[in-house]
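Everything on this sheet refers to the single structure shown next.
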Number of protein chains: 2
Amino acid sequence: MSTRNIYLKTVPPEEAVALAKANLDRDALFGTERVPTHEAAGRVTAGPIYARYSSPTFHAAAMDGVAVMAESTFAAREDEPVALEQGEGFLFVNTGNPLPEGKNAVVMIENVVQKDESTVLIDGPAFPWQHVRRIGEDIVATELLIPQNRELTPSDIGALISAGIYEVEVRDRVRTIFLPTGDEVLNFLDKPEPRAGQVIESNSQVFRAYAKSWGIDAQWSAPVPDDEDALRQAVVDGLRKGCHMVVVGAGSSAGSKDYSKKVFESIGTVLVHGISVMPGKPSLLAVTDERSGYPGRLLVGAPGYPVSAIVCHEKILAPVVHWLMGKSAPERREADIVLARKTPSRPGMREAIRLAAGRIGENIVGAPLARGAGMISTMTKAQAVTYIPEDVEGVEQGETVKAELLVPKSDLDRVLVHVGSHDNTLDLLANELMGLPDPLRLVSSHAGSMGGLTALKAGSALFAGAHLFDPETGDFNFPFIERYLKGIPVTVVNLAIRHQGLIVAKGNPLSIRGVNDLTRDDVTFINRQRGAGTRILLDHHLKKAGIDPRAVAGYENEEFTHMAVAVNVLTGAASCGLGIYAAAKALGLDFAPLAHERYDLVIPDKYMDDPRIKTLIEIIGRNSVQTKIKAQGGYETDMTGQIMRPGMGLGQD
Amino acid sequence: MSTRNIYLKTVPPEEAVALAKANLDRDALFGTERVPTHEAAGRVTAGPIYARYSSPTFHAAAMDGVAVMAESTFAAREDEPVALEQGEGFLFVNTGNPLPEGKNAVVMIENVVQKDESTVLIDGPAFPWQHVRRIGEDIVATELLIPQNRELTPSDIGALISAGIYEVEVRDRVRTIFLPTGDEVLNFLDKPEPRAGQVIESNSQVFRAYAKSWGIDAQWSAPVPDDEDALRQAVVDGLRKGCHMVVVGAGSSAGSKDYSKKVFESIGTVLVHGISVMPGKPSLLAVTDERSGYPGRLLVGAPGYPVSAIVCHEKILAPVVHWLMGKSAPERREADIVLARKTPSRPGMREAIRLAAGRIGENIVGAPLARGAGMISTMTKAQAVTYIPEDVEGVEQGETVKAELLVPKSDLDRVLVHVGSHDNTLDLLANELMGLPDPLRLVSSHAGSMGGLTALKAGSALFAGAHLFDPETGDFNFPFIERYLKGIPVTVVNLAIRHQGLIVAKGNPLSIRGVNDLTRDDVTFINRQRGAGTRILLDHHLKKAGIDPRAVAGYENEEFTHMAVAVNVLTGAASCGLGIYAAAKALGLDFAPLAHERYDLVIPDKYMDDPRIKTLIEIIGRNSVQTKIKAQGGYETDMTGQIMRPGMGLGQD
């Protein structure tokens, strides 16, 4: 274990950024170039720019009308208009025309009465310089138009060209390269099919997409093997290509195969190893010295886990790169968000919590998504990220936190926050809702049926999907609603009848037919989490069959979705699990049916007039959508879209 | 005047956007294309995307360490470690390795003690699946990864590639062309030198810069002459090139040379002519019909004045174009800003007020800039824009308004808000401050010396530049500070001694030597505004010479800056004006000296510890900066950077 690196003290990202700034000589690193002004938007000026011409370069009519000497109209009244002769008295002008010699005001054409061919009547006094754009009103020749170190906006481009500046001296672009590393990493350009132990490299492209939004050049290489010399070679090659910053993907941690730190130390000085943010911790920063042949450049070890890498890009690289460019760092808009669930946090580390967030009543409510550093899908699902500070041990349910928005703020009004049981039909609805002329976004926090009811009670969901079977009454959901949502009037709309059963391997090699097979020595089960309707259904069937859960191997292994259960079966990690037919079908697995059940949407009455809920119900009522629900397999839509009442059970039963 | 258009009823921009959406068939207009996923950031998905592979595709070690069967560690205690044998008991794993068959947990290497070659000691129980990334933990094969109509973020690109999606079907890009119009308009590509009546075309490039930020294709053409047939031809050519939107620059107003509406009516239906926003009013929207040969496309008449065009782009084109792309419209961040000046507004019209804004104490304070639709330079100076609603007649000084930020919010902490007298040295300081490692932005509202003191009193400036001469005492500024800033302790720092005099044409053809020449018949004067120190100086000299201001031709014509006065002289609009030597020199004019005066910075004591003020004073004290101040000509720097006391006058005098 002597080959293992040791983390330096972790530092907050702000300190990491400050260290990078203090150790880079920006002016030595970047030259300037001359570019046509009309191609310079987003570039940063290398020096002050002074106007060549005034704008306007002449006194100009600001309206269509007649140019006059204001003094000649001072006596004009509505009942006593002044008559002016063409030439000496007035001249017609259009907007933008130079003001004729000897005239100092324009009267709008709407206020002019043509008396005859060459005479007009003016019925009110004009004040000097009215409707005239004076010389240099906008820009005065020789004055400072744009200072140095200014990121040129669209308006700036207009001002520069107006002032006769056709070329501008700007700072060089920042050039970077991303080097993915790892023997197990496959080059996505080969369109690989990964086997166990392999992953498809994608971090380089996340970096490139960020780089594009930052306006910098970003190359990337094929994956570099886990070999110190090969990595050093690749880094130096990047420097030789003129890169101001080389980013090594993965290998920045403290493992025995993490070579970034060693390589960086061999050609430069490590500034930061480890930041106090999770995910993101194994971020590594160094500055090259003479040994690299290209001193003064920035070396970055970006973490290998995708969310860690994103935190590294957002919290360290974005500010450093923008500082290198002479730009302000991009800012995410902030919002106050009410946390839908208690969220513990590790003291001493800042924790990035991705939130599925949307407006509910007056509040924006955010349901924390899974926290794993490897969960890139949480970034595609989240509308916001909140950072729980180092000195906070956690946030209670219902507490308000400051969060950075990943979407425009107005999008939060177009999000349907669902908390509850998972069903594939929700994905189908999510896609349908995105197809509307003004799309709605359905975000779903998989908390099980009971979790959904709890969320409604806490005001942290617009609606909840539930399929809770009550053995005593044979009814669905209502007995639970009566018990847990006392005092909260709700409407219950059926989404579908589902087929639940045991998901088994293709061809059902172990001949699993029912819950009695779960106690067999050769059978391993994969369960759902506590509070899931499917787990309650399993417990009901085990009880009916007189089976002790402890006799079921794998009963303690929990997954949160039907699809996750099915994947366990597909890969052989479990022999079977209870789930819906649609999940088995999606992965080409077999299915031993156990029961039908009703999957309903539980909606607080106070949200029934919310336009988002109205749209949701309208969509569910569409024949085209019901056809798609049925086509998934394992669903009946006889009651879909109908309002449920206590005691209805499965309807036709 | 029968050829003049008549405005339809003006509509709010939101209604204009809604009309465009209602009259465009987005799905008929746009096809889809297949692009490599790694090039698809910012594109919009044409349909739902389902995962091909799970991520991970296998149970994977999430840490470097040893893989174990959790159950075998349950008895482990710190004082009673469990010994495990390599193979059956444990196996070494690195992060990312597949979990070996028969193992269900990973113990971090830091918590493992190597007893001998093949035995390790574990001193605490591992729970099942600890430090294991389970199959499909992040992404489950076949599940919905990204719905239709989703703008792909950097994270999405990562998720897609991770799930084996190497190509994606996305919506076509929006293609547009901008057609500048006008006989007086010069093509900037020719690097023209404009003469009276001519303007350099730049709106096409402002549009292109916006288009680039929106991620759409934007071509542009050379200026189209003011001719109905030529314009129609150009529009149809644009449609033939496949443009979904043709934007005609200028010609959308109601003047006799405004052909856009006629042309649009000849090949389509006009939806909107005139929006209730100033600037921006003459915006024009139409949809093509069969007569164009390319029905269902959007035609836009963008106003010719640059700020009007920008309002049209931001308030109409940005939302419509983003809707066409299936994206959320970009949002500017908002802030509450305290208005530094009373700001009247026209009822019935929404008025866009550009603000020079920065933090002062607890508030963000914004000084309204000039409002003219032609003032593109106000957009380069502004940090924010507030829209005074249609039903509001104006906003009082000190009232708080919601404003859209043009810069990142944190930049407002790095703005030095100056209100007061204008001096070219302020531009020089502005450029120096932008050259700092962490640049500061100096924004200046030219309100004259008295206006500056008033702003300090109202708390709407960090500091004020003043050069108020008091004839009674012969002192500068202090007599006025005592009178108008009672109870506000201030520090007065000298910026420079300036030479004031009469700015006259090159060679001084009229032989103007002093104020006595101002009453001559052949001399026209250009004055400064009321409250300007320069005007007070003029009045003092007129009084001393016994001259009645009414005897000075042009006394009533006011400009707000020295440079504007100089431009009037340069272009012959006036024969002379009182101003500083630096302004005369900048434009190559001659100068008849009248007096020296002290230009000071007046800084409330409570801001003396503000880091921005400290930096400002530090910069002024630099020798290199004083050398540059002197090099402008007409400045003495003997007292520059020194703290002034009452009665010091011009020092050596």
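So that the names make sense, note that chain A is the first sequence line, chain B the second, and so on, each numbered from 1. All figures in this text were calculated on a predicted structure; none of them were measured in a lab.
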Interface moiety of A/Glu137 toward chain B, non-hydrogen atoms closer than 4.5 Å: both
Heavy-atom contact with chain A under 4.5 Å, split by part of B/Pro48: both
Contacting moiety of A/Leu152, where chain B heavy atoms sit under 4.5 Å: neither
Closest non-hydrogen atom pair between A/Ala51 and A/Ala163, with its separation: CB-CB, 3.9 Å
Test salt bridge (charged side-chain N to carboxylate O under 4.0 Å, His left out) applied to A/Lys409 and A/Glu334, step by step: CA-CA 9 Å; A/Lys409 193 164 187 181; A/Glu334 284 190 342; over 6 Å; no
Which atom of B/Val567 lies closest to which atom of A/Ser54, heavy atoms considered: CG2-OG, 4.0 Å
Structural part of A/Leu436 lying under 4.5 Å from a heavy atom of chain B: backbone
Proximity breakdown for A/Glu193 and chain B, heavy-atom pairs closer than 4.5 Å: both
Chain A contact via B/Pro192 - which portion, at a heavy-atom distance below 4.5 Å: both
Under 4.5 Å from any heavy atom of chain A - which part of B/Asn424: neither
Working for salt bridge (charged side-chain N to carboxylate O under 4.0 Å, His left out), residues B/Arg208 and A/Glu39: CA-CA 9 Å; B/Arg208 275 185 70 228; A/Glu39 303 293 357; 3.4 Å; yes
Test salt bridge (charged side-chain N to carboxylate O under 4.0 Å, His left out) applied to A/Arg333 and B/Glu331, step by step: CA-CA 9 Å; A/Arg333 204 165 167 173; B/Glu331 270 178 2; 2.7 Å; yes
Side chain to side chain donor-acceptor pair (under 3.5 Å) involving A/Asn149 - partner list, sequence neighbours excluded: A/Arg171
Which portion of B/Tyr53 sits near chain A, non-hydrogen atoms under 4.5 angstrom: side chain
